[in-house]
Amino acid sequence: MKRFKIWGLALLSLAMAGCQNAGGSGSPGTPNATGATGGKPLITIRDFADRTIVFSKVPEKIVALSNGDMDIVYALGGKLVGRPTSAGPLPVPEAAEVEQIGSTHQVDLEKITLVKPDVVLGNVSLNAKDVPAIEGLGAQMVLTEANSVDDIKKQIALFGDMLQKQEQAKKLIADIDAKLNEAKAQAPDPKPRVLLVYGTPGTNMAALPNSLGGNLLELAGGVNIAADFPGLQSFPQYAQLNVERIMQANPQYILIMTHGDPEAVRASFVKEMEKNAAWNNLDAVRNGRVDVLPSDLFGTNPGTRVTEAIDRLQGIFRAVK
C-alpha cells in the first residue's frame with residue numbers, strides 16, 4: 001500500500017508539472033504574460049479605426065487597396081499578392097505582375113478571394129463597411145488613412161509593426177523628417193498664393209489644409225487661398241470653388257490634382273473658368289501658371305514618395321520668381 005501511495009504522488013506531481021508547462025496560469029491557447037500562444041509570439045496592432053488586430057505570425061500574403069499602402073509595404077521589404085487596379089503609371093514597378101483587385105472605392109471580392117490574403121489594407125472612411133466580408137474570407141483587415149504627412153508616417157510605423165520591420169520603418173520616417181526640414185529651409189519667400197483644386201471630369205473642388213494635398217502645399221511653403229473655405233459635409237477635406245473669394249485672393253498658381261485622365265480634368269476646369277470671364281484676371285491665368293500635378297504623387301496617397309511630391313511643388317515655385 002505504501003508503494004502505491006508513493007507512485008500516486010509521483011504521477012500527480014508529473015501531471016501538475018505538465019499542466020503548468022502547457023498553459024501557465026491561463027487556459028490552453030490563450031496568451032500568457034509574454035503575449036505568446038502555443039509558444040508563438042503574437043503581433044498586436046491598433047489601426048486608425050481604433051481596432052485591435054492580432055496576428056499569430058507575420059502576414060505574408062498582403063493585399064493593398066491603395067497605391068500608398070502598396071508603396072509602403074514594398075519600401076519596408078514586403079510584397080503583395082493583390083494590388084490596386086490602375087490604368088496609369090505603376091508607382092511600384094516590382095508589383096507589375098501582381099493581381100489587380102480593385103481599389104478602396106470598389107473592392108473586387110472575387111479576385112481577393114482567389115489570392116487568399118492574410119491581410120487586406122484599406123481606408124477608414126471607405127472600407128469600414130467591407131470588414132465583415134473580408135473577415136468572412138478568413139483574412140484580417142487593417143484600416144488607415146492619409147490626410148497629412150503625419151498620417152503617412154503613422155502608416156509606416158503601423159505597417160512596420162505588422163511586418164516586424166520596425167527598424168526599416170524608423171529609417172523611412174527619419175528620411176521623411178529630413179526632407180521636411182530641408183523643405184522648410186528652402187521655402188519660397190514671399191510665400192506664393194495657391195489655389196489647389198481636386199478635379200474629376202465635371203467636378204472641381206478646392207483642397208483644404210486638412211487634406212493631404214493641402215498639407216503638402218503648406219509644407220512646401222505655399223499659402224492655400226482656400227484655407228478658410230467651409231468644407232463640404234460629405235468631403236470635409238474639400239470645399240466648393242467660391243469664385244468671388246478666389247478673385248479676391250488672386251492666386252499666383254492654380255494647381256490641379258486628379259487620379260483620372262489629366263487632360264480631361266484640365267479641359268473640365270477650363271470649361272469651369274469659361275463660365276466667368278473674371279478668371280482671366282487672375283495672376284495665375286494671366287501668367288500661364290495653371291498646371292495639372294502628377295496623379296501618382298497628388299491624385300492618391302504617394303506613401304514614402306511624399307518627399308517627391310514636396311520636391312515637385314517647390315520646383316514649381318522656384319521655376320518662376
Roughly how far, to the nearest 0.5 Å, is [atom2] of [Y] from [atom1] of [X]?
X: Ile62; Y: Lys79; atom1: CD1; atom2: NZ; result: 11.5 Å
X: Ile256; Y: Ser295; atom1: CD1; atom2: OG; result: 13.0 Å
X: Met257; Y: Leu217; atom1: CE; atom2: CG; result: 9.0 Å
X: Leu80; Y: Gln100; atom1: CG; atom2: CD; result: 12.0 Å

Sequence neighbours excluded, which residues qualify as salt bridge (Lys or Arg N to Asp or Glu O under 4.0 Å) partners of Glu167?
Lys170
Considering only heavy atoms from C-beta outward, does the side chain of [X] approach that of [Y] to under 4.5 Å?
X: Leu65; Y: Ile101; answer: yes
X: Arg193; Y: Asn250; answer: yes
X: Ile45; Y: Phe55; answer: yes

Could you tell me whether [X] and [Y] have a side-chain N and a carboxylate O separated by less than 4.0 Å?
X: Glu99; Y: Lys116; value: no
X: Arg245; Y: Asp228; value: yes
X: Asp175; Y: Lys179; value: no
X: Asp283; Y: Arg289; value: no

Could you go through residues 149-165 and list every donor-acceptor pair under 3.5 Å that involves a side-chain atom there, pairing it with any protein atom two or more places apart or in another chain?
from	atom 1	to	atom 2	distance (Å)
Asp151	OD2	Asn147	N	2.9
Lys153	NZ	Asp177	OD1	2.7
Gln155	OE1	Asn301	ND2	3.1
Gln155	NE2	Asp69	OD1	3.0
Gln155	NE2	Thr144	OG1	2.8
Gln164	NE2	Asp161	O	2.8

Do Val197 and Val270 share a hydrophobic cluster (ILVMFWY, side-chain heavy atoms under 4.5 Å, transitive)?
yes
Taking Arg305 as the fixed residue, which of Asp71, Asp311, Asp296 is the one that meets the salt bridge (charged side-chain N to carboxylate O under 4.0 Å, His left out) rule?
Asp296
Strictly under 6.0 Å, is that where the ring centroids of Phe235 and Tyr198 end up?
no
Could you check whether atom CZ of Arg51 has more than 12 heavy atoms from other residues, nucleotides or ligands sitting under 6.0 Å from it?
yes
